[in-house]
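For reference, the structure discussed in these notes is given below.
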There are 2 protein chains.
Amino acid sequence: MDQLDSSIADKLGQRGYRLTPQRLMVLAAIENSDDHVSAEEIYAQVVARYPYVNISTVYRTLELLKELGLVTEIDLGEGRVRYHPVDKGHHHHLVCQKCGAIIDVDESTLARLQDVLLARYNFSASLRHVAIFGTCGKCRQQQ
Amino acid sequence: MDQLDSSIADKLGQRGYRLTPQRLMVLAAIENSDDHVSAEEIYAQVVARYPYVNISTVYRTLELLKELGLVTEIDLGEGRVRYHPVDKGHHHHLVCQKCGAIIDVDESTLARLQDVLLARYNFSASLRHVAIFGTCGKCRQQQ
DNA sequence: GTTGCTGGTGCGACTTTTCGCAGTTGCCAT
DNA sequence: ATGGCAACTGCGAAAAGTCGCACCAGCAAC
């Protein structure tokens with residue numbers, strides 16, 4: 001984690017940002033979690049260690065980490081956004097709107113679309129962690 | 001509009017729903033608007049005609065119209081969702097996160113992805129009105 | 001060391017959207 | 001007509017997230 005810290009400290013430092021204890025604790029909480037974490041869950045973890053943090057600080061830190069490309073955000077349609085550390089791998093999700101099943105999809109699946117958008121519209125799409133809604137095979141069978 | 005009304009009344013009736021004055025007014029407000037409307041804008045239009053409507057009713061009606069496939073929803077990253085009547089045509093949007101430019105994209109652009117997801121994951125993706133975030137050519141040139 | 005500047009935090013208020021609840025409305029069967 | 005039932009609505013409250021403001025921290029220049 002020391003090496004991680006210092007590489008993040010570098011990234012922040014290069015842009016004139018500080019690596020404050022609050023930011024470290026938010027980062028640790030994300031790395032600490034197995035999978036996609038919500039802001040509220042991160043907040044709970046941080047509060048356990050330092051009760052004076054404010055949830056705004058958590059949101060602001062997440063915003064910053066997104067900008068730096070350290071975490072990705074995803075909305076799986078639960079009414080709350082979830083976060084995922086980039087260094088734990090990229091992937092996408094197919095969300096069935098009938099049964100709620102979530103199918104994980106390889107990063108490469110969207111590579112072609114990314115190419116098309118770049119070629120045709122000169123637009124560099126940021127498709128690192130995307131949720132696609134629809135209906136899974138099982139639910140379509142059941143009429 | 002009469003014919004439209006009755007076809008919608010049919011769709012609703014088949015499922016045991018009613019075509020109430022509130023729902024008619026919400027629908028009229030959406031059809032009445034040139035482009036993508038927010039719930040607040042729809043609410044404002046409806047209130048002008050009937051001041052006792054509640055914004056919850058607007059949201060609930062929009063939810064219903066989505067389910068019936070009459071309107072699509074889109075989040076262009078402004079902190080509020082916008083709605084679009086299906087009968088005014090389908091399309092997608094590329095949203096530049098640097099300058100905020102919005103590039104309209106033809107429906108067919110995502111057809112191939114839809115095919116791949118169906119073939120590979122047996123998943124029928126609902127990609128009728130999608131926002132893709134990234135960086136436009138102009139903003140990438142400016143370093 | 002102190003002045004000034006930028007960045008960061010906590011707090012409270014606010015926005016957008018959802019939800020539970022109680023009361024209405026329309027309809028069907030008796 | 002009236003009793004029952006499901007759909008619908010308005011209302012108030014709550015959840016998730018954002019924002020302005022005032023204050024604090026770190027640092028550089030003098």
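Atom pair Gln22(A):CD and dG26(D):P shows a separation of 11 Å (rounding to whole Å applied). Atom P of nucleotide dT9(C) and atom CG of Leu24(A) are separated by 11 Å, given to the nearest angstrom. The CG atom of Leu12(A) sits 12 Å away from the C1' atom of dG8(C) (whole-angstrom rounding). Atoms OH (Tyr17(A)) and P (dC27(D)) sit 17 Å apart, rounded to a whole Å. Computed from coordinates, the Asp75(A) CG to dA15(D) C1' distance equals 14 Å when rounded to whole Å. If you take CG of Leu62(A) and P of dC19(D), they are 15 Å apart, rounded to a whole angstrom.
Relative orientation of the His91(A) and His84(A) rings is perpendicular, given thresholds of 30° and 60° on the angle between their planes.
Residue pairs satisfying the ring pair (Phe, Tyr, Trp, His ring centres under 6.0 Å) criterion with at least one member in residues 52-75 of chain B, sequence neighbours excluded, are listed as follows: Tyr50(B)-Tyr52(B). Residue pairs satisfying the salt bridge (charged side-chain N to carboxylate O under 4.0 Å, His left out) criterion with at least one member in residues 99-109 of chain B, sequence neighbours excluded, are absent.
Through direct or indirect side-chain contacts shorter than 4.5 Å among Ile, Leu, Val, Met, Phe, Trp and Tyr, Leu76(A) is connected to Ile74(A), Val95(A), Ile102(A), Phe133(A). By the 4.5 Å side-chain criterion applied to Ile, Leu, Val, Met, Phe, Trp and Tyr, Leu113(B) is assigned to a cluster that also includes Leu94(A), Ile103(A), Val105(A), Leu110(A), Leu113(A), Leu117(A), Tyr121(A), Phe123(A), Leu127(A), Val130(A), Ile132(A), Leu94(B), Ile103(B), Val105(B), Leu110(B), Leu117(B), Tyr121(B), Phe123(B), Leu127(B), Val130(B), Ile132(B).
By the side chain to side chain donor-acceptor pair (under 3.5 Å) test, Lys88(B) pairs with no residue at all, sequence neighbours left out.
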Checklist outcome for this item: Once base and sugar-phosphate atoms are separated, protein heavy atoms under 4.0 Å mark nucleotides 17-30 of chain C, 5' to 3', with B, S and - as SBBB----BB----
